[in-house]
Amino acid sequence: MNYNGYICPSCGQVFKDGDDVVVCPVCGTPHHRSCWLENGGCANQSKHESGFIWQAPEQKAQTEEKKEIEHIDYKICPRCGAKNSPYEPVCTNCGERLTANRKSVEEQFPPFGGDFGGGSENYNQYQNPNSYSPYQNVYAADARTVYGADAEIDGIPVTEIAEYVQKNSTEYIGRFKKIEEKKSKLSWNWSAGIFSAMWCFYRRMAGVGLALVALFFSAYVLSNTIPPVLYQQLQPEVYEEYVEDVSELNYYMNAALTNNATPDMDDFYEKMTEIILSPITITSYIMLAALWLLISVVFGFLGNYFYKKKVIKDIRKYRETSFDNQTYHLLLRQRGGVSPVNVLIPIICYMLLNTLLSYI
């Protein structure tokens, strides 16, 4: 090695061409031979026990810079918060893509309720008080504990699915995984089977919920339409008696409403009882119950599939439209989860449709 330009640690003079240089066999420190003899050995003799190795100034600077980068200016994973070398393209803990900027945790994730910075209007709509921090998402932490940080469903990490599903997320992730593994759309969900349309609105599936409201209402219309038609064709005498009772009952009610007349209550209750116990009415009730039960059971087996489909679709959409990781996670939290207030929507829809039908 050419030591020209380096400094002798004993005399402090720069090595020049023609100088007789001696290198310490232990640490590699260069000396003038005369300095070596005068000192009786290496000028860094006291450092040998600690493992000291001499390095050229530029080598030492590069080493110190690398140590500083690797130990201080590390990359923080935006998903799991793990520390990574600045040279890693993906997180060594969870596989998330890492950005080129190497910032501290505080710089990447402002305090909960803090500001993003910048002046973008898109940022402002996701600011206080819902700023995202990965250390405050209980659902993602539970999913990571139960299924592992590397678990995915349709290419989406379960931690992100948990952020979107939120309540009972670990149970739904288990159902989603079974659907994916068995490659079947069928898996039972008691909530979907019993509450059907209300469960859909509770889980923010408005489209599926409205379709179910339409199905249930259609079943109601059919059950009140088909039995009278069948009895009219097969048992005319039963149909005529039923129509007569309904006409008389309507007469009593109209008279009471328009003329303030008080109908004979005994006769009123008698006609009401005859209508309720009529074979046509009983057939209508049985048909309605059978159709509603059929719809509920079928959807009970398909509810998890429809919910999984919506969850994956929404998460992929937010991935494509979010301009940064912070906004993406905030969208998962704000657009996902449950909405107890939405449960009232199918009830209101059914009441409005029933009222409309009565006028028709």
Side-chain angles (χ1 to χ4, degrees), residues 139 143 153-154 156 158 161-227 276 281-317 332-360:
Y139 306 107
I153 297 176
D154 289 350
I156 305 296
V158 295
I161 294 176
E163 285 185 58
Y164 181 90
V165 175
Q166 297 178 29
K167 190 173 183 179
N168 297 327
S169 56
T170 54
E171 289 82 355
Y172 278 103
I173 290 173
R175 296 169 185 174
F176 296 165
K177 288 180 71 68
K178 288 181 180 179
I179 292 174
E180 184 181 45
E181 292 168 358
K182 295 181 179 180
K183 297 182 179 180
S184 172
K185 299 179 181 179
L186 304 179
S187 64
W188 182 250
N189 184 324
W190 283 104
S191 297
I194 296 175
F195 300 105
S196 300
M198 289 189 291
W199 174 78
C200 287
F201 283 97
Y202 179 70
R203 284 289 169 182
R204 301 180 184 273
M205 292 190 291
V208 180
L210 289 174
L212 282 173
V213 170
L215 282 176
F216 281 115
F217 189 74
S218 298
Y220 173 79
V221 173
L222 290 175
S223 64
N224 283 276
T225 304
I226 294 177
I276 293 175
T281 304
I282 295 174
T283 303
S284 296
Y285 286 154
I286 294 174
M287 182 177 178
L288 178 63
L291 289 174
W292 279 17
L293 180 62
L294 177 62
I295 295 172
S296 297
V297 171
V298 171
F299 189 72
F301 280 103
L302 292 175
N304 291 326
Y305 167 75
F306 282 110
Y307 190 40
K308 172 181 176 291
K309 187 176 180 180
K310 171 184 168 52
V311 169
I312 300 300
K313 179 181 178 182
D314 285 354
I315 291 177
R316 286 176 175 168
K317 179 179 70 175
L332 292 182
R333 281 184 24 170
Q334 294 176 349
R335 304 290 175 82
V338 298
S339 177
V341 177
N342 287 353
V343 174
L344 299 175
I345 295 177
I347 300 175
I348 296 173
C349 289
Y350 184 83
M351 293 174 62
L352 291 175
L353 291 172
N354 194 28
T355 303
L356 179 62
L357 184 63
S358 64
Y359 283 105
I360 296 176

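All values below were derived from every heavy atom in this structure, side-chain atoms included, with hydrogens, water molecules and symmetry-related copies excluded. What you see is a predicted model, and the numbers here were worked out from it, not measured in a lab.
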Quiz item: How would you list, by chain and number, every residue that makes a side-chain contact (heavy atoms from CB on, under 4.5 Å) with Ile295, sequence neighbours excluded?
Solution: Leu212, Leu215, Phe216, Ala219

Practice problem: Mind telling me whether Trp190 and Trp188 have parallel, tilted or perpendicular rings, with 30° and 60° as the class edges? | Solution: perpendicular

Quiz item: Parallel, tilted or perpendicular for Phe299 and Trp199, by the 30°/60° rule?
Solution: perpendicular

Side chains of [X] and [Y]: does their closest heavy-atom pair fall under 4.5 Å?
X	Y	value
Ile161	Lys308	no
Phe176	Val158	no
Arg316	Asp154	yes
Val338	Gln166	no
Met287	Ile226	yes
Tyr139	Tyr164	no
Leu186	Tyr305	no

Find the distance between [atom1] ([X]) and [atom2] ([Y]) and round it off to the nearest 0.5 Å.
X	Y	atom1	atom2	result
Arg175	Ser187	CZ	OG	7.5 Å
Cys200	Asn342	SG	CG	11.5 Å
Asn224	Thr281	CG	OG1	9.0 Å
Phe301	Ser184	CZ	OG	10.0 Å
Ile194	Asn189	CD1	CG	9.5 Å
Leu344	Met198	CG	CE	10.0 Å

Mark yes or no for whether [X], through its side chain, and [Y], through its backbone, hold a donor-acceptor pair below 3.5 Å.
X	Y	value
Ser169	Val165	no
Asn168	Glu171	no
Ser284	Ser223	yes

Quiz prompt | Lys309 NZ: over 12 foreign heavy atoms closer than 6.0 Å | solution =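 No - once you tally the heavy atoms of other residues, nucleotides and ligands closer than 6.0 Å, there are 12 at most.
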
Please report the shortest heavy-atom distance between [X] and [Y], naming the atom on each side.
X	Y	value
Ile153	Ile312	O-CD1, 3.8 Å
Lys167	Tyr202	NZ-OH, 3.4 Å
Pro346	Ala197	CB-CB, 4.0 Å
Ile173	Ala162	CD1-CB, 3.9 Å
Arg204	Arg335	CD-O, 3.4 Å
Ile276	Ile282	O-CG1, 3.9 Å

Quiz item: Given the rule in the side-chain contact (heavy atoms from CB on, under 4.5 Å) test, do Val341 and Phe201 qualify, once you have shown the distances and angles that lead to the verdict?
Solution: CA-CA 9 Å; Val341 177; Phe201 283 97; over 6 Å; no

